[in-house]
Amino acid sequence: MQETPLRLLIIDDDEMFCHVLDRAMTRRGYEVVVARDAQEALSLARQHRPALATLDLKLEHESGLKLLPELLEVVPECRIVILTGYSSIATAVEAIKLGAVNYLCKPADADEVLAAFEKDDGDPQIEVADHPPSINRIAWEHIQKVLQEHDGNISATARALGMHRRTLQRKLQKRPVRR
């Protein structure tokens with residue numbers, strides 16, 4: 001009797017990333033479905049009942065953090081890993097609080113994604129950085145925290161930070177500052 005493959009739902013608006021991850025996971029024996037936005041993700045989750053899902057933190061017009069609890073409401077047993085090119089401490093903490101099993105920074109390969117699904121416990125042996133984050137990194141993380149507090153509303157976040165909305169938009173379009 002052949003075992004049914006695990007279903008994986010990939011939710012990401014980056015077409016190339018979806019294609020690469022889909023192929024890699026299919027080769028590893030997973031049944032893969034791909035969604036490009038929140039509405040499609042919820043529809044596919046209802047239809048396919050995936051055991052696993054990867055969720056991009058920053059979809060084109062939506063926040064993965066807002067979608068996370070909705071997905072878990074549809075498929076409570078689904079193990080969800082957040083993937084992002086815009087990582088911050090604030091979003092990592094919120095993702096875990098909202099029910100993600102792990103949080104990975106892009107680029108992440110299929111092996112890293114699979115390891116993230118399997119890891120249930122924290123690692124007390126993890127290395128603590130020798131150097132504190134840069135001022136630019138701290139500023140980036142603060143912006144992300146305030147943005148999260150204002151549910152992704154750029155205008156409200158700009159007012160809270162005391163900066164012009166366009167300035168904030170330019171900062172958010174840039175890649176996160178390295179540590």
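Note: hydrogens, waters and symmetry copies are ignored here, and every other heavy atom, side chains too, is used.
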- Item | Thr157 side-chain N/O to Asn153 backbone N/O, donor-acceptor pair under 3.5 Å |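 Yes; at least one donor-acceptor contact below 3.5 Å.
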- Between the side chain of His164 and the main-chain N/O of Arg166, is any donor-acceptor distance below 3.5 Å?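 Looks like yes, one N/O pair under 3.5 Å.
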Heavy-atom pair with the smallest gap, counting every atom of [X] and [Y]:
X	Y	answer
Ala158	Leu168	N-CD2, 3.5 Å
Ala45	Leu71	CB-CD2, 3.9 Å
His150	Ala156	CD2-CB, 3.6 Å
Leu59	Ala38	CD1-N, 4.3 Å
Pro69	Leu98	CG-CD2, 4.2 Å
Leu104	Ala116	CD1-CB, 3.7 Å

Mind checking whether [X] and [Y] sit in one hydrophobic cluster, side chains of I, L, V, M, F, W, Y counted as touching below 4.5 Å?
X	Y	result
Leu9	Leu6	no
Val75	Leu52	no
Val34	Val113	yes
Ile154	Ile143	yes
Phe117	Tyr30	yes

Do the charged groups of [X] and [Y] touch, with an N to O distance under 4.0 Å?
X	Y	result
Arg36	Glu60	no
Lys58	Asp14	no
Arg28	Asp111	yes

- Message: Suppose we screen for salt bridge (Lys or Arg N to Asp or Glu O under 4.0 Å). Which residues come up paired with Glu94, at least two apart in sequence or across chains?
- Response: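 For Glu94, the residues satisfying salt bridge (Lys or Arg N to Asp or Glu O under 4.0 Å) (neighbours in sequence not counted) are Lys97.
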- Message: Testing Leu83, Leu65, Ile10, Ile82 one by one against Leu55 for a side chain to side chain contact (heavy atoms under 4.5 Å, CB included), which residue passes?
- Response: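 Considering Leu83, Leu65, Ile10, Ile82, a side chain to side chain contact (heavy atoms under 4.5 Å, CB included) with Leu55 is found only for Ile82.
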- Query: Between Ser87 and Thr84, is any side-chain donor less than 3.5 angstrom from a side-chain acceptor?
  - Reply: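 Their side chains do not contain a donor-acceptor pair, so the 3.5 Å distance test is not met.
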- Message: Ignoring hydrogens and geometry beyond distance, is a side-chain donor-acceptor pair present between Thr26 and Asp22 at under 3.5 Å?
- Response: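 Looking only at side-chain atoms, Asp22 and Thr26 do form a donor-acceptor pair, the distance falling under 3.5 Å.
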- Message: The test is side-chain contact (heavy atoms from CB on, under 4.5 Å); show your working for Leu42 and Leu67 and say whether it passes.
- Response: CA-CA 8 Å; Leu42 291 170; Leu67 179 56; 3.8 Å; yes
- Message: Could you go through Met163 and Lys171, starting from their C-alpha distance and side-chain angles, then the distance that decides it, and tell me whether this counts as side-chain contact (heavy atoms from CB on, under 4.5 Å)?
- Response: CA-CA 11 Å; Met163 70 173 57; Lys171 287 181 178 285; 4.1 Å; yes
- Evaluation steps, side-chain contact (heavy atoms from CB on, under 4.5 Å), between Met25 and Leu114: CA-CA 9 Å; Met25 296 306 242; Leu114 289 174; 3.3 Å; yes
